[in-house]
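Data first, discussion second: the structure below is written as structure tokens.
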Amino acid sequence: MTLRLTNTLTGRPEPFVPFVPGHVGMYTCGPTVYAPAHVGNFRSFLFADLLRRYLAWLGFDVTWVMNITDVDDKIIRDARREGVPIRSLSERYAAVFLDDARRLRMTPPDVMPRATEHIPEMVTLIEQLLAKGHAYRTDDGSIFFRIASWPAYGRLARLDPTRQRVGERVESDEYDKDDVRDFALWKGPREGEPRWETAIGPGRPGWHIECSAMSMRYLGPTFDIHTGGVDLIFPHHEDEIAQSEAATGRQFVRTWLHCAHLQMGGEKMAKRTGNIERPADVYARGYSPRALRYALIAAHYRAPLEFGEESMRAAAAAVDRLATALAALDTYRKDGPGDPALPALLEEARTRFTAALDDDLNISPALAAVFDLVRELNRRVDARALSTADASSAAAFLRDLDRVLGVMEEEPEQLEPELARLLEERAAARARRDWATSDRLRDELADRGVLIDDTKDGQRWRRAAEARRG
RNA sequence: GGCGACGUACCCAAGUGGUUAAGGGGGAGGUCUGCAAAACCUCUAUUCAGCGGUUCGAAUCCGCUCGUCGCCUCCA
């Protein structure tokens, strides 16, 4: 069985065959850094991360590029409002993004290019488009892509370009272009806006051109996978294809993958409607990053996903269940013969896990395979049917699957010395059957997010995915 | 108006032609435990938005109806 992915270009699942055998070039539209990203944004980034992790787990050598858009209208607007250079604003929120991404265990992309550091690449691309007649200048020094020169325009979004609705927003565009549907490659210089002096004149880049320039700079003119939210299909990705293929004459991206929206209250989570939640908000309510990660990746990427208190609670419980199972295996000790059925059990889980993810990253049955295995392992731990070696190979197996999921363990795997001391005190209290002290220490540790289970192998601890409140 | 996605238990969510409709959460009862917690066991959809049709057989295919969401405009 091989990996199949639903390509937006064709609308159907296709076997994934990399352009260069064994290697995958993958680009993800990253954040525009003028505010902290919300959890809806992170759904799409974590979807890309899940894909990246799975490809690596399958043995592909993956190059993952995620851009950071550090110049655009909103950044300029907010920087002006604050009276600071755009770089000061963008770097501030880029740092927040990086920190949020790290806590959510997003694999660090191999390259995170910033738009402002790739102006020359964009200029070269625009020059090629001008030379080939796909772009034109306007009086204010802007340069537009001429959609009429590109018959394939609209193919990705399945839109007929001649029947696009022309709404108020399009008409109100301040730039003067030949056709309302044409999009800006380069925006002419304006008072109070940052500008770059370039071979195509002064100004600043349009939004779409950066992704074409940076993806091709690091992955070549044709690469395997490009991901983003469904809202980017049109116009952003449509425009990327047009400008890239018009410039190079080659296919730009082989497989386009789009993630459905995260919803809250039945509607798309979006900054403009205000129904957003940021990672920090979720943590403030007592949930751990890994619970949030689980909530965001646990549903199929092409299905809309409702986010809320209920989904977070369920995610925290699910993640706790996994952590508990792992802790149980780690503390389990028993000499003697092992369970001869164990290898087959693990193999079955691996087969189901892989078959599910191969099927367009269908994570639900993959998680079902993990939870079924967890039940079997717990049952054996309860019955003390495993050997110490069995337990540790089962734990290693789960950790291997977690290279794909990234939800099983919290960052610090060692208990802080202070908490470890409380644990020792509690063990001593229990040895002298001092239940009052034992219970008090258990509560104290729970308040610090460490849950204790008393087992035949002694105390076992794990970090709570949902901190105790009240 | 155009294009697209979708409607499965109390909630989330797999299943896309064939024995008992995955899994997670929640709920009820039980076992274990100093008490807990965790874990394990049992139960929790004769039914898949509705109505027709195709078929020996449909949640799965076809048609219609109702409802939800997204894109067409900055947007993950």
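Quantities reported herein were computed from a predicted structural model and do not represent experimental measurements.
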Y301(A): what forms a ring pair (Phe, Tyr, Trp, His ring centres under 6.0 Å) with it, not counting sequence neighbours?
-> F47(A)
Which part of the nucleic acid, if any, lies within reach of G228(A) when heavy atoms closer than 4.0 Å are counted: base, sugar-phosphate only, or nothing?
-> sugar-phosphate
Nearest-neighbour nucleotide for the S44(A) side chain, rG25(B), rA14(B), rA76(B) considered = rA76(B)
Please confirm whether R384(A) makes a cation-pi placement over Y332(A), using NZ or CZ under 6.0 Å from the six-membered ring centre and within 45° of the ring normal.
-> yes
Of rA38(B), rG2(B), rC35(B), the nucleotide closest to the side chain of D439(A) is rC35(B)
Nucleotide nearest N378(A) (side chain, heavy atoms from C-beta), chosen from rA39(B), rA13(B), rG2(B) = rA39(B)
Tell me whether the centres of the aromatic rings in H118(A) and Y218(A) are closer together than 6.0 Å.
-> yes
Check whether the side chain of R77(A) and the base of rC74(B) form a donor-acceptor pair under 3.5 Å.
-> no
For H300(A), which contact category applies under a 4.0 Å heavy-atom criterion: base, sugar-phosphate, or nothing?
-> sugar-phosphate
Base rC74(B) to side chain K271(A), donor-acceptor N/O within 3.5 Å cut-off = no
Should the pair H237(A) and H258(A) be assigned to parallel (<30°), tilted (30 to 60°) or perpendicular (>60°) ring geometry?
-> tilted
Write out the stems for RNA chain B, ordered by first number and formatted as range with range, counting runs of at least 3 consecutive Watson-Crick or G-U wobble pairs under 3.5 Å.
-> B:1-7 with B:66-72, B:10-12 with B:23-25, B:26-31 with B:39-44, B:49-53 with B:61-65
Please report, rounded to the nearest Å, how far the C1' atom of rA39(B) is from the CZ atom of R380(A).
-> 14 Å
The side chain of F371(A) lies closest to which of these nucleotides: rA76(B), rG34(B), rG24(B)?
-> rG24(B)
Between F97(A) and F45(A), ring centroids under 6.0 Å = yes
Among rA76(B), rG23(B), rA14(B), the one nearest P365(A) by side-chain distance | rA14(B)
Kindly indicate whether the side chain of R375(A) and the base of rA39(B) share any N or O donor-acceptor pair separated by less than 3.5 Å?
-> no
Do the side-chain N or O atoms of K456(A) get closer than 4.0 angstrom to the phosphate oxygens (OP1, OP2) of rC32(B)?
-> no
Is any side-chain N or O of R321(A) closer than 4.0 Å to OP1 or OP2 of rA39(B)?
-> yes
Hey, does S438(A) reach any base, or is it just sugar-phosphate, or nothing, if we go heavy atoms under 4.0 Å?
-> base
Between N362(A) and rA13(B), is there a side-chain N or O to OP1/OP2 distance below 4.0 Å?
-> no
Do you see a donor-acceptor pair shorter than 3.5 Å between the side chains of D360(A) and T6(A)?
-> yes
